[in-house]
Amino acid sequence: MSNPVSDEARVIPLRPAPARPQAPRTEPAPREPLWRDLVGEVLRRERREQERTLKDVADAARISLPYLSEIERGRKEASSEVLAAAAHALGLSLGDLLARAHGELARRTAGHHRAAAPRPRSYRGLCLAA
């Protein structure tokens, strides 16, 4: 009986492949929210609490309605002037808006802080200088 020869080459490694250490399985860190998402959510929440329409707030802030909608949805990074105008149209100061966004950020990230980097150990050796 004849032995059929394969068209594939047989590869014999010269060195065995190094063993790869298994990385410990950890849960991925939760994604931190984007600032534009937080600010947009605060603006939308405040507008809805006041039972106002996008058109009403956009007109009062002198911002186009589609642009204000994109800000509320976190699609656009608004300038501080635009954010101040939107906040004032809702009866808020820019500081109020940013403080509420900061509070939302703190609430969402509480308990999800990354472990602090290990502090370097002090050197306890002997140093000779000539």
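Looking at residues two or more places apart in sequence or on another chain, you find a side-chain hydrogen bond (donor to acceptor under 3.5 Å, both in side chains) between Arg52 and Gln50, Asp56. Taking Glu41 as the reference, Arg108 meet the salt bridge (Lys or Arg N to Asp or Glu O under 4.0 Å) condition, with sequence neighbours excluded.
Side-chain N or O atoms of Thr109 include one that pairs as donor or acceptor with a backbone N or O of Leu105 at under 3.5 Å. At least one donor-acceptor pair closer than 3.5 Å links the side chain of His88 to the backbone N or O of Ala84.
We find the CG-CZ distance between Leu68 and Arg44 to be 9.0 Å, quoted to the nearest 0.5 Å. Taking CG from Leu97 and CG from Leu83, the interatomic distance works out to 6.0 Å, rounded to the nearest 0.5 Å. Taken from CG in Asp59 to OG in Ser64, the straight-line distance is 10.5 Å, to the nearest 0.5 Å. Within the model, atoms CZ of Arg48 and OG1 of Thr53 stand 12.0 Å from one another, a figure rounded to the nearest 0.5 Å.
If you chain together hydrophobic residues whose side chains sit under 4.5 Å apart, Trp35 and Val82 fall into the same group. Residues Leu38 and Leu34 do not share a hydrophobic cluster, defined by chaining ILVMFWY side chains whose heavy atoms lie under 4.5 Å apart.
Applying the salt bridge (charged side-chain N to carboxylate O under 4.0 Å, His left out) test to pairs two or more places apart or on separate chains, those with a residue in residues 77-95 are Arg36-Glu77.
The number of heavy-atom neighbours closer than 6.0 Å to CD of Glu51, taken from other residues, nucleotides and ligands shown, is 12 or below. Summarising the local packing, CZ of Arg73 is surrounded by more than 12 heavy atoms from other residues, nucleotides or ligands at distances under 6.0 Å.
The minimum heavy-atom distance linking Ala87 with Leu43 is given by the pair N-CD2, 4.4 Å.
Using a 4.5 Å heavy-atom cutoff, the side chains of Ser93 and Leu98 are not in contact.
Screening Arg100, Glu104, Glu72 for a side chain to side chain contact (heavy atoms under 4.5 Å, CB included) with Arg45, the sole residue that qualifies is Glu104.
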